[in-house]
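Take a look at the structure below.
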Amino acid sequence: MLIAPSILSCDYGKMASELEKIEKCGADLVHVDVMDGHFVPNITLGAPVVKCIRKYSNLPFDVHLMITDPIDYVEDFINAGADSITIHVECNSDIEKTLSLIREKGCKAAVSVKPKTPAEEIFKYLDMVSMVLVMTVEPGFGGQSFMADMMPKVEKIKAEIDRRGLDVSIQVDGGIGEKTIAEAARSGADIFVSGNALFKAQDMEKQISLFKQTASANYPGK
Ligand code: DX5
Ligand code: ZN
């Protein structure tokens with residue numbers, strides 16, 4: 001069970017201390033939301049910023065590319081210090097080529113589905129990825145409500161991963177909080193992105209440990 005705070009909800013002006021806080025509070029990954037104002041209606045940050053902030057954390061950087069043409073930028077993000085890169089199956093780039101390029105450069109590759117995209121769309125890429133990201137909100141903004149109707153999709157992907165005996169994690173992103181993390185874990189998710197719930201918490205360390213306990217207690221077979 002891994003917790004990945006999304007820096008989309010942090011204070012960008014205090015990035016160094018926010019990253020130190022994330023690490024000190026027991027998070028497992030740093031989730032970096034990259035938006036281009038084209039694939040989604042919001043703009044965040046690019047590879048030069050990732051390069052600058054990378055030195056403030058020892059945690060793996062989990063870069064979520066919500067951009068139209070990821071193939072043109074994955075090398076920049078890898079050189080900037082990304083440890084894993086997630087691309088959207090709905091993007092314009094050739095998915096297989098982009099995933100291969102990410103892997104050739106020694107980075108973990110992942111593929112994501114937006115809420116309206118069926119689970120089956122990513123089945124043919126399952127052999128090429130270490131993680132599938134199921135969006136539980138429409139990508140673009142933090143602080144939205146969790147879409148519980150995405151849980152059958154998580155279950156379907158989990159069943160296919162198990163059927164094929166693959167070692168692929170399922171990440172959920174959007175609206176993760178105390179109640180929804182239990183639902184997502186029950187459906188088979190094992191990596192949880194959280195923005196608002198963690199950065200608004202009185203005590204981030206306590207919140208992360210509660211998230212981990214709740215997720216573990218609800219994961220199938222537990
Ligand atoms: C949405 C982003 C998410 C978002 C999650 O497009 O991919 O990572 O920041 O934020 P919360 O947890 O606030 O929904
Ligand atoms: Zn994200």
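Start at 1 and go down the list; that is how both ligands and their atoms are numbered. No experiment lies behind these values; they were computed from the predicted model shown.
Annotation: cation-pi pair K114/F39 present, NZ/CZ under 6.0 Å from the ring centroid and within 45° of its normal.
Residue-and-atom listing of protein N/O/S atoms under 2.8 Å from the Zn ion (ligand 2), sorted by chain and number: H31 NE2, D33 OD1, H64 ND1, D173 OD2.
Atom NZ of K24 is surrounded by 12 or fewer heavy atoms from other residues, nucleotides or ligands within 6.0 Å. Sparse packing is recorded around OH of Y56, with 12 or fewer heavy atoms of other residues, nucleotides or ligands lying under 6.0 Å away.
Y12 and V50 end up in the same hydrophobic cluster when Ile, Leu, Val, Met, Phe, Trp and Tyr side chains are linked at under 4.5 Å.
The distance from atom CD of E178 to atom CD of Q213, rounded to the nearest 0.5 Å, is 10.5 Å. To the nearest 0.5 Å, atoms CD1 (I22) and NE2 (H31) are separated by 11.5 Å.
Between R164 and E160, at least one side-chain nitrogen of the basic residue sits less than 4.0 Å from a carboxylate oxygen of the acidic one, meeting the salt-bridge criterion.
Ligand 1 lies under 4.0 Å from heavy atoms of S6, L8, H31, D33, M35, H64, M66, M135, P139, G140, F141, G142, G143, D173, G174, G175, V193, S194, G195, N196.
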Let me have the donor-acceptor pairs involving side chains of residues 134-143, under 3.5 Å, with sequence neighbours excluded, atom names and distances please.
| unit_1 | atom_1 | unit_2 | atom_2 | d |
| --- | --- | --- | --- | --- |
| T136 | OG1 | D173 | O | 2.9 |
| T136 | OG1 | G174 | N | 3.4 |
| T136 | OG1 | G174 | O | 2.7 |
| E138 | OE2 | K116 | NZ | 3.4 |

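Membership of the apolar cluster around M131 extends to L2, L29, I191, as traced through chained side-chain contacts below 4.5 Å between ILVMFWY residues.
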